[in-house]
Amino acid sequence: MSDLTAEYELDYFYENGFTRSECTSCGVHFWSRDEERETCGEPPCEQYDFIGDPGFNESYTLEEMREAYLSFFEEHGHERIEPYPVAANRWRDDVLLTQASIYDFQPLVTSGKTPPPANPLTISQPCIRMQDIDNVGKTGRHTMAFEMMAHHAFNAKEEAGDQYAYEGEVYWKSETVAYCDELFESMGANLDEITYIEDPWVGGGNAGPAIEVIYKGAELATLVFMKYEQDPDGEYELKDGNTYSEMDTYIVDTGYGLERWTWMSQGTPTVYEAIYPESIDFLKQNAGIDLSEDEQALVQRAATLAGGMDIDEAEDMETARGDIAAELGVERARLEALMEPLETIYAIADHARTLAYMFGDGIVPSNVGTGYLARMVLRRMKRLTDTVGVDAPLDELVDMQAERLGYENRDTVRDIVRTEVEKYRETLDRGSRQVQRLAEEYAERGEPIPLDRVIELYDSHGIQPDMVEEIAEETGADVEIPDDFYSQVADRHGGETDEEDIDEKETERVADLPDTDKLFYEDPERASFEAVVLDVLDRGEGYDVVLDQTMFYPEGGGQPADTGTLATDDTTVEVEDVQEESGIVLHRTDEDPGKGEFVRGHVDMTRRKRLMAHHTATHIIGHATRTVLGGHIRQAGAQKGTDSSRLDVAHYDRISRAEIKRIERVANDYVRDNIPVTDEWIHRNDAQSEHGFDLFQGGIPPGEEIRLVHVDDDVQACAGTHVARTGDIGLIKVLTTERVQDGVERIQFAAGDAAVEATQATEDALYEAADTLDVEPSAVPETAERFFTEWKQRGKQIDELKEQLAEVRAAGGGDAETVEVGDTEAVVRRIDGDIDELRTTANALVADGKIAVVGSGQESVTFVVGIPEGVPVNAGALVSELAGRVGGGGGGPPDFAQGGGPDVDALDDALDAVPELLEQQLDA
RNA sequence: GGGCCCAUAGCUCAGUGGUAGAGUGCCUCCUUUGCAAGGAGGAUGCCCGGGGUUCGAAUCCCCGUGGGUCCA
């Protein structure tokens with residue numbers, strides 16, 4: 001394993017009198033101005049050294065510290081960049097949440113494909129790390145939500161020339177450490193106390209040397225120097241066991257925790273009291289937590305030691321708590337009773353802030369993706385508030401944070417939280433009823449509740465095991481929840497199949513051809529064009545024709561490919577499909593037009609026009625939906641077609657019929673206003689800074705220049721073809737909505753001719769129904785209702801009549817064959833009716849104290865046998881015997897049985913045998 | 001994206017191949033009456049939709065629809 005020791009030999013360290021030492025406690029290497037220093041300074045090697053004794057000259061609020069940092073780097077030649085959303089999946093598809101500022105620039109900027117918005121730059125990026133969820137509140141320093149203040153510089157090796165989106169070196173390691181020192185100095189920190197720990201960094205396919213910056217027991221910054229990428233043939237083997245090679249680009253990636261810096265400046269017992277003091281006060285008061293001075297002092301002393309309460313490092317929380325109690329000379333139980341409510345309060349505030357970021361940035365609760373993570377956080381927060389007795393509504397707590405963070409969609413955020421809390425309440429209600437039933441069942445039996453039932457409750461119904469324990473105890477049932485409960489749940493999911501996406505694109509000789517000139521953007525209404533065949537690739541099932549230029553739109557952005565023809569003087573070939581591979585348009589044809597030929601292309605414009613109408617309509621429907629339902633509406637997928645299209649949007653509730661009507665009306669207003677649809681190619685950084693991330697409704701386009709399509713004030717990055725004016729669409733008709741996932745609604749609609757056709761189809765159905773009912777179309781609902789009611793009444797009437805008929809039959813007469821069996825009269829009879837008639841007849845006979853054997857032989861044979869109480873005949877056995885004679889089977893309880901078989905011809909013989917069979921049973 | 005669970009009376013649910021049930025609510029009557037309640041009787045239902053297996057399906061199988069939940 002290569003170590004990167006040489007990487008840390010910075011000129012800056014030598015020029016400023018630093019010494020490299022090895023921590024006597026944990027063995028890491030670190031640099032410090034203090035040559036006597038023995039430990040690295042980070043917990044657990046040392047404890048917090050600033051509680052009650054701030055490490056900076058002045059006390060800063062969160063907002064002040066953010067501003068101080070950003071303006072410091074602005075003054076040092078960095079451009080300030082607006083933060084990105086916490087939902088990282090808005091611009092990349094490999095992660096869900098933003099976990100570091102560098103996420104903003106992966107993968108396109110770090111790989112050098114696109115330029116950074118500024119170079120160098122500074123930013124304070126909101127981040128969410130779900131993996132810290134168990135530490136939140138306990139260590140005094142962990143938060144799920146935090147802002148990573150950072151400065152970044154993107155460098156490319158001189159010899160790489162201009163093949164990347166940025167050139168040359170801005171600055172590298174020494175300058176980065178110098179900035180850090182200078183920032184500390186400007187805050188009035190004692191530079192002698194700072195340690196720079198060597199801690200190589202590996203992550204996300206990249207790696208490089210990195211430095212952890214420790215001051216007074218707290219890690220305040222990480223300076224990462226990204227310069228390697230994962231490479232199976234690479235010469236460097238790093239700590240994750242993979243090999244890496246050097247990249248042409250090398251990037252300064254720093255991270256300064258805004259919350260830690262604020263905390264350091266205030267010296268409060270925990271970070272939480274430093275960053276949202278008013279929330280903590282409010283929650284404490286609401287939960288009725290009021291500490292005496294002694295208790296306050298104890299809490300403060302415990303806080304300096306709380307660094308050891310890290311679930312990732314501590315053996316278990318109880319032991320860690322015990323150690324701290326011992327150190328303070330108090331009982332563990334006393335410390336726990338004092339600390340736990342506080343820790344819960346801290347966690348609640350952090351959960352609220354996390355949710356404010358998530359919902360504020362447009363995440364919608366769901367059973368998938370970021371929406372699921374948000375749901376988990378919200379439910380956990382609800383449980384925490386219940387535990388500690390906070391009765392303020394969650395939407396208010398989240399709103400307090402959303403206000404602080406300056407979100408403008410606070411009404412929507414509150415609405416989402418309320419809806420989601422209500423959903424959780426329903427789940428809990430449903431769950432507790434189920435657990436109640438289960439517990440009663442097992443309490444009655446005196447058995448413990450089996451574990452797999454508890455696992456099922458959790459896995460299928462979202463019921464936490466401690467809820468089962470609680471209810472079981474109340475009900476008097478036993479249940480045991482093992483420590484590895486959650487891993488047993490995980491086992492149930494076993495065999496998680498990661499389907500491998502082996503998508504071997506054939507780039508081969510296509511790569512050498514020039515990019516195809518796309519004519520369809522210039523004039524999307526034009527059908528014909530002329531071109532030269534640059535190459536023809538035989539694909540076995542057809543040919544891929546490469547032209548120098550084309551009017552054919554290749555499939556992309558949810559818009560299907562054009563079809564049409566290519567004609568030479570000799571032949572005409574059909575274009576069946578069109579795909580694009582790295583800038584080259586491949587026309588799939590049935591015949592070979594001939595390489596080097598001059599062709600006239602003709603696009604099927606009927607199809608194209610329908611697709612264009614649907615594509616523009618998709619933008620309009622999206623915009624209308626956002627107008628009607630709120631700014632959180634975001635495209636979650638789309639597919640255009642010639643007859644209809646669909647748009648999936650993220651929304652936290654079902655879309656009502658009334659809302660659909662409003663969406664339809666708003667959409668058609670845009671059509672009626674006949675607004676011009678315009679497009680422009682602009683630099684992605686300009687597009688992003690002007691329009692934000694809502695641009696990327698349909699995915700993230702590659703490249704520096706991106707195409708924007710404007711429809712009124714709706715702007716989207718889009719490569720598709722559109723109508724010239726919204727009026728060209730003619731009409732937009734919403735067809736259906738369905739819920740494709742929790743939190744995702746699919747809107748299906750038709751545009752233009754297709755909308756007229758769809759409306760006609762609906763009308764046809766209505767007219768047909770009206771015709772059948774012989775009423776006006778407008779009377780159909782009323783008439784259908786009347787018919788349905790009448791139909792139900794008749795059903796009841798028929799039942800009554802059958803009953804009467806059965807009584808009449810039972811009273812005698814007809815072709816009944818009556819035999820005496822022992823002391824009882826038996827009636828054997830063929831009634832060609834349905835099973836209900838046979839049953840009611842048999843029941844009526846039994847009520848008269850007679851044995852009833854009735855059979856029906858319409859399409860198949862059915863028997864019903866009824867036996868009065870006290871008569872020693874087994875109905876089941878008799879039916880089974882009779883049914884056997886008609887080639888079927890049957891059975892039932894001893895007093896009433898049914899059966900039958902397919903052989904209708906054998907029915908009468910079977911009935912004739914009944915007296916004999918009855919005698920046999922009596923004799924037996 | 002994947003796994004699992006659920007759908008029966010207005011509501012909450014039982015019913016694992018053989019005559020659709022309970023509690024609650026509803027209606028009528030009685031008792032009592034300040035309210036609450038008590039007694040007797042009654043009506044509850046395309047057992048989510050569509051196919052299949054079977055003599056027979058609420059029940060088993062398949063496909064939908066709607067809802068829930070866990071995981072990535």
Side-chain angles (χ1 to χ4, degrees), chain A residues 93-96 130 366-373 375-376 379 423-424 426-434 436-438 440-441 452-453 455-464 485-499 501 636-637 654 736-742 744 787-789 791-796 799 802-803 806 834-844 846-847 852 855-866 875-876 879-880 882-904 906-907 910:
Chain A
D93 52 17
D94 56 336
V95 290
L96 295 176
M130 296 285 291
S366 164
N367 61 338
V368 295
T370 52
Y372 179 67
L373 299 179
R375 174 167 286 169
M376 288 303 96
R379 293 188 171 189
K423 277 191 185 177
Y424 188 42
E426 281 170 20
T427 294
L428 288 181
D429 278 359
R430 235 190 333 266
S432 59
R433 281 196 302 263
Q434 280 196 47
Q436 191 74 41
R437 277 197 302 277
L438 190 72
E440 278 167 14
E441 182 191 331
D452 60 339
R453 297 298 295 269
I455 291 179
E456 189 188 305
L457 280 172
Y458 175 74
D459 202 25
S460 302
H461 303 285
I463 297 161
Q464 306 286 331
F485 179 80
Y486 290 99
S487 65
Q488 291 205 31
V489 174
D491 288 346
R492 234 169 100 104
H493 289 269
E496 229 89 314
T497 48
D498 289 42
E499 83 273 23
D501 221 14
R654 296 306 311 264
T736 58
T737 59
E738 62 179 307
R739 197 197 71 144
V740 12
Q741 283 166 355
D742 194 18
V744 180
F787 276 33
F788 186 58
T789 312
W791 173 79
K792 285 196 287 191
Q793 272 170 359
R794 288 189 184 195
K796 275 181 228 165
D799 285 346
K802 276 183 188 167
E803 201 127 346
D834 65 21
I835 186 80
D836 280 335
E837 283 181 71
L838 297 189
R839 273 201 298 250
T840 42
T841 305
N843 280 335
V846 170
S856 161
Q858 290 169 313
E859 275 150 43
S860 64
V861 176
T862 310
F863 292 111
V864 172
V865 175
V879 157
S880 186
L882 289 173
R885 296 182 179 217
V886 293
D895 63 329
F896 194 92
Q898 302 164 58
D903 188 358
V904 178
L907 170 60

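Naming convention: chains lettered A, B, ... in sequence-line order (proteins, then strands); numbering from 1 in each chain.
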Peer 1: Using whole Å, report how far CG of A:Leu882 lies from P of B:G56.
Peer 2: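 Rounded to whole Å, this separation is 17 Å.
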
Peer 1: B:U69 P sits how many Å from A:Asp429 CG, rounded?
Peer 2: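 That distance rounds to 12 Å.
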
Peer 1: Would you mind reporting whether A:Val879 and A:Gln898 have side-chain heavy atoms less than 4.5 Å apart?
Peer 2: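 No - every pair of side-chain heavy atoms lies 4.5 Å or more apart.
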
Peer 1: Using atom C1' in both nucleotides, what's the gap between B:A9 and B:C13 to the nearest angstrom?
Peer 2: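 After rounding to an integer number of Å, I get 11 Å for this pair.
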
Peer 1: Contact class for A:Gly866 vs. all strands (heavy atom < 4.0 Å): base, sugar-phosphate, or nothing?
Peer 2: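 No contact.
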
Peer 1: Would you measure the distance from the C1' atom in B:U31 across to the matching atom in B:G39 and give it in whole Å?
Peer 2: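 Between the two C1' atoms, the distance is 7 Å.
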
Peer 1: Side-chain contact, heavy-atom cut-off 4.5 Å: A:Tyr458 with A:Gln464?
Peer 2: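 They are in contact (side-chain heavy atoms under 4.5 Å apart), so the answer is yes.
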
Peer 1: Of the listed nucleotides (B:U12, B:C5, B:G1), which one gets closest to any side-chain atom of A:Glu456?
Peer 2: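 Closest nucleotide to the A:Glu456 side chain: B:C5.
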
Peer 1: Taking all heavy atoms of A:Pro902 and all of A:Gly888, pick out the closest pair and write down the distance.
Peer 2: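 Nearest heavy atoms, A:Pro902 then A:Gly888: CD-N, 4.0 Å.
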
Peer 1: Can you tell me how far the OG atom of A:Ser860 sits from the CG atom of A:Leu907, to the nearest 0.5 Å?
Peer 2: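 One finds 10.5 Å between OG of A:Ser860 and CG of A:Leu907.
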
Peer 1: Pick the closest RNA chain B nucleotide for A:Ser860 and for A:Met376 by heavy atoms, then say which residue is nearer the 5' end.
Peer 2: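 Nearer the 5' end of the strand: A:Ser860.
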
Peer 1: Between B:G1 and B:C46, how far apart are the P atoms? Round to whole Å, please.
Peer 2: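 So the two P atoms sit 35 Å from each other.
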
Peer 1: Could you tell me how far B:U8 sits from B:G67 if I compare only their P atoms? Round to whole Å.
Peer 2: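 After rounding to an integer number of Å, I get 14 Å for this pair.
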
Peer 1: Under 3.5 Å, which N/O atoms of the protein pair with N/O atoms of nucleotides 45-52 of chain B?
Peer 2:
none

Peer 1: Please list, chain by chain and in numerical order, all residues satisfying salt bridge (Lys or Arg N to Asp or Glu O under 4.0 Å) with A:Arg839, sequence neighbours excluded.
Peer 2: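 Only A:Asp836 meet the salt bridge (Lys or Arg N to Asp or Glu O under 4.0 Å) criterion with A:Arg839.
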
Peer 1: Nearest 0.5 Å please: distance from the CZ atom of A:Arg654 over to the CG atom of A:Asp742.
Peer 2: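 Answer rounded to 0.5 Å: 9.5 Å.
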
Peer 1: Below 3.5 Å between N/O atoms, which protein atoms pair up with nucleotides 60-68 of chain B? Just atom names and distances, please.
Peer 2:
from	atom 1	to	atom 2	distance (Å)
B:G66	O3'	A:Arg654	NH1	3.3
B:G67	OP1	A:Arg654	NH1	2.4
B:G67	OP2	A:Arg654	NH1	2.9
B:G67	OP2	A:Arg739	NE	3.4
B:G68	OP2	A:Arg739	NH1	2.7
B:G68	O3'	A:Thr427	OG1	3.3
B:G68	N2	A:Ser460	O	2.9

Peer 1: Whole angstrom is fine here: how far is it from OH in A:Tyr486 over to P in B:C70?
Peer 2: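 Roughly 10 Å, once rounded to whole Å.
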
Peer 1: For nucleotides 15-22 of chain B, give me one character per nucleotide, 5' to 3': B if any protein heavy atom sits under 4.0 Å from the base, S if the only such contacts are to the sugar-phosphate, - if neither.
Peer 2: ---BBS--

Peer 1: Send over the distance from A:Gln741 CD to B:G3 C1', rounded to a whole Å.
Peer 2: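 Distance check: A:Gln741 CD to B:G3 C1' gives 14 Å.
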
Peer 1: Starting at atom CZ of A:Arg437, determine the distance to atom P of B:G23, rounded to an integer number of angstrom.
Peer 2: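 Value for this atom pair: 16 Å.
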
Peer 1: Tell me which of A:Gly369 and A:Arg375 sits closer to the 5' end of RNA chain B, going by the nucleotide each one is nearest to.
Peer 2: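 Final value for this comparison: A:Arg375.
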
Peer 1: Go ahead and write out RNA chain B as dot-bracket, 5' to 3': ( ) for pairs within the strand, [ ] for ones crossing earlier pairs, | when the partner sits on another strand, dots for unpaired; Watson-Crick or G-U wobble, both distances under 3.5 Å.
Peer 2: (((((((..((((....[..)))).(((((.......))))).....(((((..]....)))))))))))).

Peer 1: Measure the CG-CE distance between A:Leu373 and A:Met130 for me, rounded to the nearest 0.5 Å.
Peer 2: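 Reported value, rounded in 0.5 Å steps: 4.5 Å.
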
Peer 1: Whole Å only: how far is the CZ atom of A:Arg433 from the C1' atom of B:G23?
Peer 2: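 Going from A:Arg433 (CZ) to B:G23 (C1'), I get 13 Å.
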
Peer 1: Find the distance A:Gln464:CD to B:C70:C1' and express it as a whole number of Å.
Peer 2: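 Nearest whole value for this atom pair: 11 Å.
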
Peer 1: How far does the P atom of B:C63 sit from the matching atom of B:U24, given to the nearest Å?
Peer 2: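 It comes out at 41 Å once rounded to the nearest Å.
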
Peer 1: Quick one: are A:Phe896 and A:Val846 in side-chain contact, heavy atoms under 4.5 Å?
Peer 2: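 A:Phe896 does not reach A:Val846 side chain to side chain.
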
Peer 1: Looking at every non-hydrogen atom in both residues, tell me the closest pair between A:Pro893 and A:Ala875 and how far apart they are.
Peer 2: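 Closest heavy-atom pair between A:Pro893 and A:Ala875: O-CB, 3.9 Å.
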
Peer 1: In whole angstrom, give the distance that lies between atom CD of A:Glu441 and atom P of B:C13.
Peer 2: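 The answer, rounded to whole Å, is 15 Å.
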
Peer 1: Using the C1' atom as the point on both nucleotides, what is the distance between B:G23 and B:G66, in whole Å?
Peer 2: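 Straight-line distance between the two C1' atoms is 26 Å.
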
Peer 1: Are the side chains of A:Val864 and A:Ile835 in touch, meaning some heavy atoms are under 4.5 Å apart?
Peer 2: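 Yes, their side chains come closer than 4.5 Å.
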
Peer 1: With rounding to whole Å, what would you report as the distance between B:U19 and B:U32 at their P atoms?
Peer 2: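 It comes out at 44 Å once rounded to the nearest Å.
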
Peer 1: Would you compute the distance between atom CZ of A:Arg375 and atom OG1 of A:Thr427 and round it to the nearest 0.5 angstrom?
Peer 2: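 Answer rounded to 0.5 Å: 7.5 Å.
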
Peer 1: Hey, does A:Val861 reach any base, or is it just sugar-phosphate, or nothing, if we go heavy atoms under 4.0 Å?
Peer 2: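 If one applies the 4.0 Å heavy-atom cut-off, A:Val861 turns out to touch the sugar-phosphate alone, with no base involved.
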
Peer 1: According to salt bridge (Lys or Arg N to Asp or Glu O under 4.0 Å), who are the partners of A:Glu837, at least two apart in sequence or on a separate chain?
Peer 2: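 Applying salt bridge (Lys or Arg N to Asp or Glu O under 4.0 Å) to A:Glu837 gives A:Arg809.
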
Peer 1: CZ of A:Arg430 to NE2 of A:His461: how many Å apart, nearest 0.5 Å?
Peer 2: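 Those atoms lie 9.5 Å apart.
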
Peer 1: What interatomic distance, in whole Å, is found between C1' of B:C47 and the corresponding atom of B:A57?
Peer 2: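 To the nearest whole Å, 11 Å.
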
Peer 1: Locate the shortest heavy-atom distance separating A:Val744 from A:Ala636; write the atom from each residue and the value.
Peer 2: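 Shortest heavy-atom separation between A:Val744 and A:Ala636 comes out as CG1-CB, 4.1 Å.
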
Peer 1: Roughly how far apart are A:Ile463 CD1 and A:Ile455 CD1, rounded to 0.5 Å?
Peer 2: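 That separation rounds to 13.5 Å.
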
